[in-house]
A.B. asks: 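The structure follows.
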Amino acid sequence: MALAFCGDEGNSTAYNVDHGVLNNGCFVDALNVVPHVFLLFITFPILFIGWGSQSSKVHIHHSTWLHFPGHNLRWILTFILLFVLVCEIAEGIVSDGVSESRHLHLYMPAGMAFLAAITSVVYYHNIETSNFPKLLIALLFYWTLAFITKTIKFVKFCDNGVGFSQLRFCLTGLLVVLYGMLLAVEINVIRVRRYVFFKTPKEVKPPEDLQDLGVRFLQPFVNLLSKGTYWWMNTFIKTAHKKPIDLKTIGKLPIAMRALTNYIRLNEAFEAQKNKRPSSPQGSGSIWRALCCAFGRPLLLSSTFRILADLLGFAGPLCISGIVHNTKILGVFFISSQEFLSNAYVLAVLLFFALLLQRTFLQASYYVAIETGINLRGAIQTKIYNKIMQLSTSNMSMGEMTAGQICNLVAIDTNQLMWFFFLCPNLWAMPVQIIVGVLLLYYLLGISALIGAAVIIVLAPVQYFVATKLSQAQRSTLEYSNERLKKTNEMLRGIKLLKLYAWEHIFHSSVEETRQKEMTSLKSFALYTSISIFMNAAIPIAAVLITFVVHAHLTKKADFSPSVAFASISLFHILVSPLFLLSSVVRSTVKALVSSFCNCNFRNNAKSVLTLIFSFLFCSVLHYMLPSLAGQLTMIVGQVGCGKSSLLLAILGEMQKISGNISWSSWKLLFCFSRKRGSVAYASQKPWLLNATVEENITFESSFNKQRYKAVIDACSLQPDIDILPHGDQTQIGERGINLSGGQRQRISVARALYQQTNVVFLDDPFSALDIHLSDHLMQEGILKMLREDKRTVVLVTHKLQYLPHADWIIAMKDGYIQREGTLKDIQKSETELFEHWKTLMNRQDQELEKTTIETKTVLERTNLRRTMYSREALLKDDEEDEEEATESDDEDNLSSVLHQRAKMPWRACGKYLSAAGILLLPLLVLSQLLKHTVMVAIDYCLARWTSDVFNHSPYSKIFSILCCLGIVLCLVTSIAVEWTGLKVTKKLHASLLNKIILAPMRFFETTPLGSILNRFSADCNTIDQHIPATLECLSRSTLLCVSALAVISYVTPMFLIALVPLAIMCYFIQKYFRVASRDLQQLDDSTQLPLLSHFSETVEGLTTIRAFRYEAKFRQKLLEYTDSNNIASLFLTAANRWLEVRMEYIGACVVLIAAVTSITSCLYSKLSSGLVGLGLTYALMVSNYLNWMVRNLADMEIQLGAVKRIHGLLKTEAENYEGKSLNELMNLSWKDRGEIQIQNLSVRYDSNLKPVLKHVNAHISPGQKIGICGRTGSGKSSFSLAFFRMVDTFEGRIIIDGIDIAKLPLQTLRSRLSIILQDPILFSGTIRFNLDPEKKCTDSMLWEALEIAQLKHVVKALPGGLDAIVTEGGENFSQGQRQLFCLARAFVRKTSIFIMDEATASIDMATENILQKVVMTAFADRTVVTIAHRVHTILNADLVIVMKRGLILEYDKPEVLLEQEDSVFASFVQADK
């Protein structure tokens, strides 16, 4: 075949120039090559020089500075130009036909133009980012020459009578317009930037974001190609594979996306709405109008992208129809557009471009919608926070606005509005998609299409009904889940008591009972989920079956070719998606409307808080002026509820004023409407801490002064507590860190007030949670020394009357009135009776000053803290521990090993999950999935054969119908199998976890943070309950669809396998890099949300303190930082998802192109049936749809399997030995229940790798004896009591109770025969009856008797319900002392022969304790009582006293004998106690 530019040289017409050179078509085409050659010749050297040397570039952080005018228009025009040039090349090739000679001039100039267009945009990009505008002069010449030459060609076409009926004429006209527009853009750049033809060029500066090294989110700044393909993310994704992503890696948000910017935009929109309608109330309608005004434009853009994507989606079915129908080649010189589109290869290329464009538009729509939603969320959260800052504390305390409501508003409602904005484009895109889909089906199939569409539309309400039921089931599950978690939390918090009382089985049954209710709800959830999955899979099959059978049998003359059949299948698949999504969109819209209503209510409430007038919380109006001179100490005293704290709040402006005013530094201010006072250091009655380090809590945003900081730490006795913490004062405390005790929290709160350099200090009952020694130290060193030296005005609310002599001024309050004020001497003279009453109380409080109490409350706090800290570092590995990692422990420090582990899929965890399903379910799950997809392929293969043999409908229609019905049944089986598997696994794992945890030794609970265990029961169980089954179903479906599709394409055209290898390699690396980045970003998104929500909750709780310190602005700034951190993580996660989906869908488009080209070639040259061509192309389209879902689900599954891995980590915990060593030997023994205890050479330790806490202890306690044990902290007193219950490791010696070695007894038996009262009172939510007798063994009279002994009978009788009165969680509706008395009553109820009191009266006042001591002596006269002394005088009446020191018995005798010995340690204790 001859090859020449103008065709065969023998053809004289090709080279005929008799009518002028420009009238020769070949010459004109040659002339059109000149501009392209010029550009390539000029730009290539510059590009190579530019790439070789970067010295010319302006040194900004990112080379993404798009500063030339008309930038986006240039890129859009270039993309259109490239597409038109591809069409011109295709038109030239097609029109050249199958002649003996090839006419290169028909497509070679277009090919050169295509290269030149790509070069022009690459050249432009480099010039723009290098900021060398003068080099653009080359493009000016190029566009001018291209425009002139193409205009000449167009004019000559017009002269020769070539018109619109010829495609080449249309394409040439389009190119003239495009080159002209690009030339105009270039001239505009010269006009604006003045870089040539002007004396002074215009200087421009890079935007602030690009000058900031911290901004790494570049989506708003990159060019259109990078925007559409997320090319800028490549570097980020590669970096993520090398090292984990953290907040430092993702950097800061661009200014336009920051919460403050969006808040200002939203606020302006709100103000504009107010100004438009000043008289109308601000309802949810105004909120929507403001939202649309502020964020409507990007939403409109997203919707436009979505509609364009949906319309381009129909190119698939139409091109399939055309390709299958037109597998032939035309060969004419000039062709029309209809003839051009009847070429199968042309359709294949057009389909490829349509898919690329459709996927790009779709992902752009998703991105813009999600970005807008995230910006909206940040703005609303900031607006809510600003409203919170204006809330009145009285409004909060009266329950009109709770912290829970506000947190729900932030966590749930703002997210629902965000997701509504994400789904919003679907609202108007879906109707368009459905209407166009139905019209195209009608065009292809006629009336039978409407029957099939009717099936889908009729079943849409059913889908909506199922979705509604699913939502209800989810809510119900959540309620039971919360109840179960509440019970689990109580069980874990009181685990020590449960083990000591042998009540594990009761609470285990209680949790299991709630779990059963939750499982019932989960079954409903699983059922509706399986129905939803089934309908989504079965509806297209049913619609196709009904349509094709009706079409084949009822419409005899209808076209039932492969082109019609397979195009229709693709259309049905397109139709099902919007109808399935419709229910989600409707529900999301309803939730968004509810959320906007909640937001509206909150805004209105916040306003009303500021305008409504409330009285003080106490009844009367307070008329008083506080005479606070510099350096004075004013004390406010009075009974509980008399208005002491309210007075402080009123002074701070936190109460609503009825009348009067207050002076601050001679400024007269109203209480609520003006707050121009200075900062006040305020320590509230209920200590409030930040979720930050100890140091940050004390310095509280002030500059760090080491000397002052140390002085404050010493004054508040915090150094011993700080020493215990794992990272000292840099340890995180609060919600995200270690939970401190009440006293420790109180002292940190006071330390904050002492540290601040304010003139005024308000301390609201700072001694309430402190023992007498700490109180004295704080008073002397902190208040009297430190604050007075600084000449600071101090107002102190207190119940500790012994400090009154130190006060410069005293205010005595009663029932909201000031009963008396003045100095102590004034009050002594004028109010003798009041003074005497105070004196009595002072003496009583002074008597409590006992040396030995140093080892009570504070020491207990520190002991508990130390135990919590034990092995904490090891527990940081909790989330990551796995057998696979353990095997490579030697390489832990090796970075490459760590990175390898991050890139690996947790297959072992997956295996454990599936193996938990059991022997029957697992094969059913696998086989049903394989069988279903095999039947699906068989259905489509049968259709391919049927449509190829159009003359014989009957046998094919029967087989097709049977296969479709079988497919529908298998869809149901697979959906049920997946959910059933999920139910069985979740039931088994939760039961195993609960059994393991409740039987774990006490050491496990002391060394494992409670939050870590609770997370396994909450977040991880929730993941296994609800998320893994759905992800597993999606993953298996998308994977098997892709595999079956590739298998079908390979079967139809084996040549496809050659192209499949590079595509598969690309897929592998894309998913490998994506999974690592996605997991890190998902974790970062979750972890940045927690501080944000915590900041809201801690602000609500500490509103008074924040406003007292005048720190509103600082806290607002913190909120903006937290919001931006969360938003940047969310945006990067969104961009990473789009990065994956664009690449996977482009690979899918390549699969479609290759499948189409190979199918057409096989059809033309190997006589492949058109039915199989349609089959191959339909499956190729399926690959492009499901490829990214496969990788996304794989990444989700990897994250979710972490829950399985963590739970299996806990399942390795060794349980206590509950069975006893030789149970059979004990069957014949009878427990005599006398209470005799023999301790022989006993040595115990808390763990096998720890030192002994008791060493070689020997003692004999006779039945009915009263034993007192005393000693300093760490002497082993509590360990001694725990040894009776086998709560510690007895590695030497033994304890014999009533002749039986307790080591041989089953734990349940042993612990049920002993009673103990712990120092920490523990009550459970439920009734008083349940708390006293959870085993339900006692009568009411026995319970009342126990309550009477515990001095609680009158309290319980006064409660509604008596014994059935409700106890709230932790017994919060009773005081600390009352809780301790209930614990005493609980022990009295158990009629055991041995009774142990472990510092059980620490929280009880002295008078009540004396009564109880007498009661114990009489009520337990016949029982053995072991008392661990809190106050030494309480064991003076004991039969025997044991004095312990460092795990050894130091003294062991009767108290009177020990008191007679001068050198007795016990005697020294008693002397110190007086």
Side-chain angles (χ1 to χ4, degrees), residues 47 50-51 54 57-58 60-83 117-132 139 185 206-207 209-213 215-240 249-257 298 301-302 305 308-309 353 356-371 1066 1069-1070 1073-1074 1077 1081 1128 1131-1147 1149 1188:
L47 283 173
W51 284 332
Q54 296 294 320
K57 291 204 173 188
V58 175
I60 57 174
H61 182 50
H62 303 293
S63 58
T64 53
W65 183 23
L66 312 177
H67 51 96
F68 290 159
H71 168 87
N72 286 340
L73 180 61
R74 183 193 296 265
W75 277 90
I76 291 166
L77 290 172
T78 307
F79 288 141
I80 297 169
L81 176 66
L82 288 169
F83 178 71
I118 291 172
T119 307
S120 75
V121 81
V122 171
Y123 179 75
Y124 167 78
H125 176 71
N126 277 271
I127 297 305
E128 187 174 33
T129 54
S130 303
N131 198 23
F132 254 113
L139 286 181
V185 169
D209 286 319
L210 291 181
Q211 293 179 52
D212 188 345
L213 297 174
V215 175
R216 296 192 180 94
F217 189 77
L218 303 180
Q219 183 71 6
F221 311 111
V222 292
N223 60 53
L224 277 184
L225 182 65
S226 189
K227 261 191 178 82
T229 59
Y230 305 88
W231 192 262
W232 64 272
M233 282 284 290
N234 288 355
T235 312
F236 179 80
I237 300 276
K238 280 183 206 163
T239 309
T249 312
I250 59 178
K252 293 189 284 188
L253 268 176
I255 292 166
M257 292 179 169
L301 180 66
S302 173
F305 284 150
L308 286 171
F353 279 113
L356 288 184
L357 206 55
Q358 189 236 346
R359 304 307 188 191
T360 307
F361 278 143
L362 188 65
Q363 297 308 323
S365 171
Y366 288 157
Y367 172 78
V368 172
I370 294 172
E371 185 200 280
M1066 283 169 68
F1069 281 105
I1070 287 169
Y1073 279 85
F1074 169 76
L1081 287 169
I1128 186 81
L1131 282 165
F1132 262 106
L1133 182 61
T1134 300
N1137 288 336
R1138 303 288 79 77
W1139 179 89
L1140 167 81
E1141 291 186 8
V1142 161
R1143 274 146 192 75
M1144 283 298 169
E1145 288 179 340
Y1146 285 0
I1147 288 171
N1188 69 73

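Computed from heavy atoms alone, side chains included, the values below leave out hydrogens, waters and symmetry copies. It should be emphasised that the depicted structure is a prediction, and the values quoted were computed from it without experimental measurement. This chain uses plain numbering: 1 for the first residue, then up along the sequence.
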A.B. asks: Indicate the atoms forming the closest heavy-atom contact of A117 with T78, along with that distance.
C.D. replies: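 In terms of heavy atoms, the two residues are closest at O-CG2, 4.0 Å.
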A.B. asks: Rounded to the nearest 0.5 Å, what separation is found between the CZ atom of F1074 and the CG atom of N1137?
C.D. replies: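 The CZ atom of F1074 sits 4.5 Å away from the CG atom of N1137.
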A.B. asks: By the definition side-chain contact (heavy atoms from CB on, under 4.5 Å), identify the one residue from R1143, M1144, E1145 that meets it with R359.
C.D. replies: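 For R359, the side-chain contact (heavy atoms from CB on, under 4.5 Å) check succeeds only for E1145.
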A.B. asks: Do the numbers put R74 on top of the ring of Y124, so that NZ or CZ is under 6.0 Å from the six-membered ring centre and no more than 45° off the axis?
C.D. replies: yes
A.B. asks: Would you say that W1139 contacts N234 through its side chain, given a criterion of any heavy-atom pair below 4.5 Å between the two side chains?
C.D. replies: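 W1139 vs N234: side chains touch.
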A.B. asks: Decide yes or no on side chain to side chain contact (heavy atoms under 4.5 Å, CB included) for Y1146 and T360, but give the supporting numbers first.
C.D. replies: CA-CA 9 Å; Y1146 285 0; T360 307; 2.6 Å; yes
A.B. asks: Do the side-chain N and O atoms of T1134 and Y366 include a donor-acceptor pair separated by under 3.5 angstrom?
C.D. replies: no
A.B. asks: Is there a donor-acceptor pair under 3.5 Å between the side chain of Q363 and the backbone N or O of G228?
C.D. replies: no
A.B. asks: To the closest 0.5 Å, what do you measure between CG (L362) and CZ (R1138)?
C.D. replies: 8.5 Å
A.B. asks: Roughly how far, to the nearest 0.5 Å, is the CD1 atom of I1147 from the CE atom of M1066?
C.D. replies: 4.0 Å
A.B. asks: Walk me through it: do I250 and L1081 pass the test side chain to side chain contact (heavy atoms under 4.5 Å, CB included)?
C.D. replies: CA-CA 9 Å; I250 59 178; L1081 287 169; 4.2 Å; yes
A.B. asks: Can you tell me how far apart CH2 (W232) and CG (L225) are? Round to the nearest 0.5 Å.
C.D. replies: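 Rounded to the nearest 0.5 Å, the CH2-CG separation comes out at 14.5 Å.
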A.B. asks: If every non-hydrogen atom of T249 is compared with every non-hydrogen atom of R216, which pair is closest and at what distance?
C.D. replies: O-CD, 3.1 Å
A.B. asks: Return the minimal non-hydrogen interatomic distance between A240 and A1077, and the atom names on each side.
C.D. replies: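 Shortest heavy-atom separation between A240 and A1077 comes out as CB-CB, 3.8 Å.
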A.B. asks: Provide the closest heavy-atom pair for V122 versus N126 in the form atom of the first, atom of the second, distance.
C.D. replies: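 Scanning both residues completely, I find the closest heavy atoms to be O-ND2, 2.9 Å.
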A.B. asks: If you define the side chain from C-beta out and look only at heavy atoms, does anything of P220 sit under 4.5 Å from M257?
C.D. replies: yes
A.B. asks: Would you call L308 and L357 a side-chain contact if the rule is heavy atoms closer than 4.5 Å?
C.D. replies: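 No, every pair of side-chain atoms sits at 4.5 Å or beyond.
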A.B. asks: Which atom names give the shortest non-hydrogen contact between F217 and A1135, and what distance separates them?
C.D. replies: CE1-CB, 4.2 Å
A.B. asks: Going from CG on L356 to OG1 on T229, what distance comes out if it is rounded to the nearest 0.5 angstrom?
C.D. replies: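 Separation between the atoms: 11.5 Å.
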A.B. asks: Measure across L224 and F79 and return the closest heavy-atom pair with its distance rounded to 0.1 Å.
C.D. replies: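 Result for this residue pair: CB-CE1, 4.2 Å.
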A.B. asks: Do V121 and W75 make a side-chain contact, defined as non-hydrogen atoms from C-beta onward lying under 4.5 Å apart?
C.D. replies: yes
A.B. asks: Please name all residues satisfying ring-ring contact (aromatic ring centres under 6.0 Å, His included) with F353, sequence neighbours left out, ordered by chain then number.
C.D. replies: F83
A.B. asks: Using salt bridge (Lys or Arg N to Asp or Glu O under 4.0 Å) as the criterion, list what pairs up with K252, not counting sequence neighbours.
C.D. replies: D212
A.B. asks: Looking at side-chain heavy atoms only, is the closest gap between I127 and L139 below 4.5 Å?
C.D. replies: no
A.B. asks: When you measure from the side chain of T239 to the backbone N and O of T235, does any donor-acceptor pair fall under 3.5 Å?
C.D. replies: yes
A.B. asks: If you measure from CG on L218 to NZ on K227, what distance do you get to the nearest 0.5 Å?
C.D. replies: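 So the gap between those two atoms works out to 10.5 Å.
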A.B. asks: Is there side-chain contact between V1142 and Y367, with heavy atoms separated by less than 4.5 Å?
C.D. replies: no
